[in-house]
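Computation of the quantities below employed the complete heavy-atom set of this structure, encompassing side-chain atoms and omitting hydrogens, waters and symmetry-equivalent molecules. Atoms within a ligand are numbered from 1 in the order they appear, just like the ligands themselves.
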Amino acid sequence: MVGKKGLQQIYTDIKIVKIQGATNIAKAAVRAWRLAPGATTEKKLLSLRPTEPMLAHVVKLLEEGVPASEVMGHFDSAQKKMNAEVEKLLRGKKKLVVMTHCHSTNVLKALIALRRKKKFSVVHTEARPLYQGRKTARDLSRAGVSVETFVDSGMDEALEKADVVLLGADALLKKGVVNKVGSEAIARLASLRRVPVWVVADSWKFAPKGVKIEERDFDEVWAGAPRNVRVRNPAFEFVGKRFLKGVISELGRKSWDEFVKAQKND
Ligand code: RI2
């Protein structure tokens, strides 16, 4: 009975974005599977966040019989490799300012690991409507990193200060990345300003067939909007590879095409 309640709680927390970010969602899926392995759990988990291929990848592995402990072990070992690659990329730069958007566990952990090796500061945007950027600011501040917060529409002001942009990812596609809404404008403006944009993401987010972009409840944006106003809330958007230097994953730092080549494309 306790297990069932725990399971419902995991589903709700994923749905309402209390559990947020591709990695945390995938880890929660493993916890759900441990409570109730099988087809019903699989179906339910897959219905919760359509833009999260890592969730689908993890469920597939569990369904094929890969032990939950092995799946869980992947996340930490992949993160360590991403941390090392981010350090290699950024260690030479003096007076480093890193820009990021929303909240990405992969980006955050890499930055927190970098903090032990060199001094840098972060500029970031809030990521309306759920203000997930504030979690980024809190996590970095706790780790002793100086942070400047900008509203989303101040993204160009933030970019003016940045030496590099590190974006997380929900889905890595053949032709670019799907990430939190706002990422595309940031990447386009960064390319005008010649600020390099790297995606830091676990390769388990690769989705060769693409993903459905999740449009969330309009209430998150404007509850009680006037009649005739249709409030839109697409949570993610696609950023083409031409705006990206490439992807930093546990497979190393690669251009987009090199990364895609290293994947199984079925
Ligand atoms: P991790 C988030 O989406 C953001 O789009 C973020 O860039 C991505 O997940 C990062 O994933 P949401 O699920 O690096 O919180 O945390 O809406 O795996």
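- Here the side chains of Trp256 and Lys175 are not in contact, with every heavy-atom distance at 4.5 Å or above.
- Closest to atom 7 (O) of ligand 1 among all protein heavy atoms lies Asn179 OD1, 2.5 Å.
- Within a 6.0 Å radius of NZ in Lys161, no more than 12 heavy atoms belonging to other residues, nucleotides or ligands are found.
- Atom numbering of ligand 1 starts at 1 in the shown order; those under 4.0 Å from a heavy atom of Ala169 are 7 (O), 8 (C), 10 (C), 11 (O).
- Between Glu85 and Lys81, no side-chain nitrogen of the basic residue sits less than 4.0 Å from a carboxylate oxygen of the acidic one, so the salt-bridge criterion is not met.
- Atoms of ligand 1 lying under 4.0 Å from any heavy atom of Glu52, numbered from 1 in the order shown and given with element: 13 (O).
- Residue contacts with ligand 1 do not include Met54, since none of its heavy atoms lies under 4.0 Å from the ligand.
- Those atoms of ligand 1 that come under 4.0 Å of a heavy atom in Lys205, given as number and element, are 1 (P), 11 (O), 14 (O), 18 (O).
- In this structure, the protein non-hydrogen atom closest to atom 14 (O) of ligand 1 is Ser104 OG, 2.6 Å.
- Here the heavy atom of the protein found nearest to atom 16 (O) of ligand 1 is Thr105 N, 2.8 Å.
- Applying side-chain contact (heavy atoms from CB on, under 4.5 Å) to Leu55 and the options Ile25, Asp170, Thr23 leaves one that passes, Ile25.
- Salt bridge status for Asp139 with Arg142: present, with a side-chain N to carboxylate O gap under 4.0 Å.
- Remark: among candidates Ile14, Thr23, Asp170, the nearest residue to atom 5 (O) of ligand 1 is Asp170, based on non-hydrogen atoms.
- Ile25 counts as a contact of ligand 1, since one of its heavy atoms falls under 4.0 Å from the ligand.
- Taking only non-hydrogen atoms, the option from Lys27, Lys180, Gln20, His101 nearest to atom 17 (O) of ligand 1 is Lys180.
- Proximity to His103 (heavy-atom distance under 4.0 Å) selects the following atoms of ligand 1: 2 (C), 4 (C), 6 (C), 10 (C).
- Contact atoms of ligand 1 toward Cys102: 4 (C) (distance under 4.0 Å to a heavy atom of the residue).
- Shortest contact from atom 11 (O) of ligand 1 to any protein heavy atom: Ala22 N, 3.1 Å.
- The residues Asp76 and Lys80 are annotated as not salt-bridged, no charged nitrogen and carboxylate oxygen being separated by less than 4.0 angstrom.
- There is a side-chain donor-acceptor pair under 3.5 Å between His101 and Thr125.
- Distances below 4.0 Å separate heavy atoms of Asn106 from the following atoms of ligand 1: 14 (O), 18 (O).
- In this structure, Lys27 places its NZ atom where more than 12 heavy-atom neighbours from other residues, nucleotides or ligands lie under 6.0 Å away.
- Under the 4.0 Å criterion applied to side-chain N and carboxylate O atoms, Lys95 and Asp163 are not assigned as salt-bridge partners.
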